[in-house]
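Structure first, then comments.
We use all heavy atoms of the structure for the numbers below, so side chains are in, but hydrogens, waters and symmetry mates are not.
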Amino acid sequence: MSITVTNPEGRNVEFKDQRGPTCGLYALSFVLEYLYDIKIPATADGDKTRESLRNKFKKDGRTVIGELYDATSSMADYIKALDPSKIKCQSVACDVTSIIETLNGGGLCMVPFCVDASGKPDHSGIHAHWCVVQKNVAHASRKLADTCHWGAKFLFDLDVLRTSNNAIQDVLESWWGKDKDSTDPVSYTHLTLPTT
């Protein structure tokens, strides 16, 4: 499943459903193309010769099997280094005001949250997942935004999303069972990618 979103410049950008534990890389691939017209697929889709974010992040020690745990300033700097002439990225605590300001400035936010089976935020503390918050939606009393993940578009209440983000329980990077020596805790803030 996938959706196509038109960016402010009129380019159609596909947000694809993830393959495996790669939601952060699919979110990042979408953001890079949407904001900067940088086309790097999240995964190589079986073509090992094709450069993908998963291949690059694995080679550089930023992921073990495709998962993206890190939302620190170090990861923001790593993302900027993918194309320093275009990309702007920063790591900030998950805050509704910050998200709204980024969206109002034409940027996007990648936010990890606890996802339920229907694709909405919950407060379980488990099932961490990345989404892209794309644009504010006018509402009289709630702060709503269009959000993309799982190759679909959702309408999220930003206060509920923040609460879900804050509920994520710490896990170790070795949770996937690949990197047995890692005991580094995970940082779940959010990444903002403003326009150039």
Exercise. What do the steps show when you test Y78 against D60 for side-chain hydrogen bond (donor to acceptor under 3.5 Å, both in side chains), and what is the final call?
Worked result: CA-CA 10 Å; Y78 177 79; D60 293 343; 2.7 Å; yes

Exercise. Under the side chain to side chain contact (heavy atoms under 4.5 Å, CB included) criterion, do L161 and C131 qualify, and how do the steps go?
Worked result: CA-CA 10 Å; L161 181 62; C131 67; 4.2 Å; yes

For this session: Apply side chain to side chain contact (heavy atoms under 4.5 Å, CB included) to E101 and C109, showing your working.
Result: CA-CA 10 Å; E101 287 173 359; C109 295; over 6 Å; no

Problem set entry | L82 vs K56, side chain to side chain contact (heavy atoms under 4.5 Å, CB included): CA-CA, chis, key distance, verdict | CA-CA 10 Å; L82 295 173; K56 179 160 183 45; 3.2 Å; yes

Problem set entry | CA sep, side-chain torsions, deciding dist, call: T63, L68, side chain to side chain contact (heavy atoms under 4.5 Å, CB included) | CA-CA 6 Å; T63 187; L68 181 59; 5.9 Å; no

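By the 6.0 Å contact criterion, NZ on K120 is open, its count of non-hydrogen atoms from other residues, nucleotides or ligands being 12 or less. Counting heavy-atom neighbours within 6.0 Å of K39 NZ, excluding the residue itself, gives a total of 12 or less. Sparse packing is recorded around NZ of K143, with 12 or fewer heavy atoms of other residues, nucleotides or ligands lying under 6.0 Å away.
With rounding to the nearest 0.5 Å, the separation of CZ in F154 from CG in D146 is 11.5 Å. In this structure, OG in S85 is found 7.0 Å from CD1 in I38, a value given to the nearest 0.5 Å. Between the CG atom of L158 and the CG atom of N165 there is a distance of 11.5 Å, given to the nearest 0.5 Å. From I87, atom CD1 reaches atom CG of D77 across 12.0 Å, with rounding to the nearest 0.5 Å. Going from atom SG of C23 over to atom CG of L28 covers 11.5 Å, rounded to the nearest 0.5 Å. The structure places CG of N55 at 11.0 Å from CD1 of I40, a figure rounded to the nearest 0.5 Å.
Smallest separation of non-hydrogen atoms from S2 and K16: CB-CA, 3.8 Å. When all heavy atoms of Y36 and K88 are compared, the closest pair comes out as OH-O, 3.0 Å. Here the closest heavy-atom approach between residue L25 and residue R54 is recorded as CD1-CA, 3.6 Å. Residue Y34 comes nearest to P8 through the heavy atom pair OH-CD, 3.4 Å, listed as atom of the first residue, atom of the second, then distance. In terms of heavy atoms, M110 sits closest to A27 at CE-CB, 4.0 Å. Residues D37 and R11 approach most closely at OD1-NH1, 3.4 Å, considering heavy atoms.
Contact annotation: the side chain of L35 never approaches that of N7 to less than 4.5 Å [non-hydrogen atoms, C-beta and beyond]. Between C114 and I126 there is no side-chain heavy-atom pair separated by less than 4.5 Å. In this structure, H129 and W150 have side chains that are in contact, with non-hydrogen atoms separated by less than 4.5 Å. Side-chain atoms of D116 and H127, non-hydrogen and from C-beta on, never get closer than 4.5 Å to each other. The side-chain heavy atoms of L103 and I99, taken from C-beta on, include a pair separated by under 4.5 Å. For the pair I65 and K58, the minimum side-chain heavy-atom distance is 4.5 Å or more.
Residues V5 and L155 fall into different hydrophobic clusters, defined by Ile, Leu, Val, Met, Phe, Trp and Tyr side chains chained together at heavy-atom separations under 4.5 Å. By the rule that hydrophobic residues join a cluster once side-chain heavy atoms approach within less than 4.5 Å of another member, I3 and V132 end up as members of one cluster. Cluster annotation: V160 and V111 are assigned to distinct hydrophobic clusters (Ile/Leu/Val/Met/Phe/Trp/Tyr, side-chain heavy-atom contacts under 4.5 Å, transitive). Taken together through direct or relayed side-chain contacts under 4.5 Å among Ile, Leu, Val, Met, Phe, Trp and Tyr, L144 and I100 form parts of separate hydrophobic clusters.
A donor-acceptor pair under 3.5 Å links the side-chain atoms of T102 to the main chain of S98, judged by distance alone. Distance alone, capped at 3.5 Å, places no donor-acceptor pair between the S52 side chain and the P41 backbone.
Of the residues listed (T22, V13, L53), the one engaging S29 in a side chain to side chain contact (heavy atoms under 4.5 Å, CB included) is L53, and it is the only one. V96 pairs in a side chain to side chain contact (heavy atoms under 4.5 Å, CB included) with only one of the listed residues (T163, D159, D157), which is D159. H149 pairs in a ring pair (Phe, Tyr, Trp, His ring centres under 6.0 Å) with only one of the listed residues (F30, F113, W130, Y26), which is F113.
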